[in-house]
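Convention: sequence-line order gives letters A, B, ...; per-chain numbering from 1. None of these values were measured; they are calculated from a predicted model.
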Amino acid sequence: GESVGLHLPTLSVQEGDNSIINCAYSNSASDYFIWYKQESGKGPQFIIDIRSNMDKRQGQRVTVLLNKTVKHLSLQIAATQPGDSAVYFCADTDKLIFGTGTRLQVFP
Amino acid sequence: GAVVSQHPSWVICKSGTSVKIECRSLDFQATTMFWYRQFPKQSLMLMATSNEGSKATYEQGVEKDKFLINHASLTLSTLTVTSAHPEDSSFYICSAFALADANTEAFFGQGTRLTVV
């Protein structure tokens with residue numbers, strides 16, 4: 001069946017460094033993806049989205065890259081801060097299916 | 001941006017009882033809402049798609065008679081966990097799509113922590 005998955009369950013980075021979180025998807029028909037951040041005990045929060053007609057989209061400190069050839073997404077967070085510590089999910093909005101999530105831990 | 005309100009934020013119930021969770025879109029109309037379940041340290045698992053005025057679409061493995069979904073209006077969907085058991089204890093989250101800055105974006109409720117004792 002269709003799936004959206006993540007490569008790494010946990011990512012630890014030092015404050016100030018850049019973070020890269022990866023995500024793979026299997027549905028070739030997917031045309032719209034969203035990255036979410038989820039803090040403990042809370043619902044997901046929208047971070048950034050990208051459509052399949054784009055390869056890259058930038059937000060504030062975040063960049064999403066889409067490689068349709070290999071069905072791969074990545075979320076780049078610049079100058080990672082302690083407040084960025086959370087679990088990050090990518091989602092395919094065809095049915096809003098989520099990947100397994102990556103926990104980002106930021107240490108001083 | 002659009003707001004989705006979920007209530008209650010937490011509930012403790014006895015095994016065998018039923019629990020109703022509400023999901024409201026506060027400033028927009030949602031013809032479709034999604035219900036998710038999330039176990040600790042796991043991803044959000046889509047349970048069902050709630051469609052206003054029609055039957056919900058359940059994902060494989062989700063018992064429709066146990067997880068009753070009602071989407072009677074464009075701003076309210078409810079999930080009722082019937083005859084709850086301890087294994088139903090989980091974090092339940094709803095979401096709805098709305099237009100945001102010319103894009104369609106999914107907005108999430110705050111989640112409901114269900115504990116069945």
Side-chain angles (χ1 to χ4, degrees), chain A residues 1-11 21-27 30-54 57-60 64 73 85-105, chain B residues 1-10 21 23-26 30 32-51 56-62 77 90-115:
Chain A
E2 297 157 4
S3 67
V4 182
L6 291 172
H7 296 308
L8 298 174
T10 303
L11 176 66
I21 300 171
N22 297 305
C23 179
Y25 63 96
S26 61
N27 183 4
S30 300
D31 63 358
Y32 182 41
F33 301 89
I34 302 177
W35 278 99
Y36 290 95
K37 171 185 179 182
Q38 185 181 24
E39 297 176 342
S40 180
K42 297 182 180 179
Q45 292 176 285
F46 174 93
I47 300 175
I48 191 169
D49 60 356
I50 189 167
R51 295 196 177 274
S52 60
N53 61 353
M54 304 171 69
R57 190 168 187 208
Q58 287 185 298
Q60 187 177 15
V64 56
L73 284 157
S85 295
V87 177
Y88 290 80
F89 298 96
C90 65
D92 167 4
T93 61
D94 181 32
K95 285 181 68 175
L96 208 57
I97 301 292
F98 283 81
T100 53
T102 293
R103 179 172 297 281
L104 177 64
Q105 298 176 327
Chain B
V3 176
V4 173
S5 177
Q6 192 171 336
H7 178 82
S9 57
W10 62 271
I21 303 170
C23 182
R24 295 181 184 273
S25 56
L26 296 187
T32 301
M33 290 185 175
F34 300 93
W35 285 98
Y36 298 86
R37 179 169 51 183
Q38 185 179 35
F39 293 106
K41 298 184 179 180
Q42 294 188 22
S43 183
L44 289 81
M45 298 300 298
L46 180 64
M47 298 175 66
T49 303
S50 173
N51 304 298
T57 305
Y58 289 83
E59 295 300 301
Q60 192 173 10
V62 179
S77 175
S90 187
F91 193 53
Y92 292 86
I93 306 174
C94 67
S95 76
F97 279 111
L99 283 176
D101 298 327
N103 287 317
T104 300
E105 182 180 324
F107 293 88
F108 288 82
Q110 308 94 314
T112 297
R113 172 80 54 196
L114 171 63
T115 302

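Contacts of A:Q38 with chain B are made by side-chain atoms alone, with heavy-atom separations under 4.5 Å and no backbone atom involved. Of the two parts of B:S95, only the side chain, counted from C-beta on, holds a non-hydrogen atom closer than 4.5 Å to a non-hydrogen atom of chain A.
Under the salt bridge (Lys or Arg N to Asp or Glu O under 4.0 Å) criterion, B:R24 pairs with B:E22, sequence neighbours left out. Partners of B:Y92 according to the ring pair (Phe, Tyr, Trp, His ring centres under 6.0 Å) rule, which considers only residues two or more places apart in sequence or in another chain, do not exist here.
Contact record, A:P44 with B:L44: CG-CD2, 3.7 Å, taken as the closest heavy-atom pair. Scanning all heavy atoms of the two residues, the minimum distance from B:Q38 to A:F89 falls at NE2-CZ, 3.6 Å.
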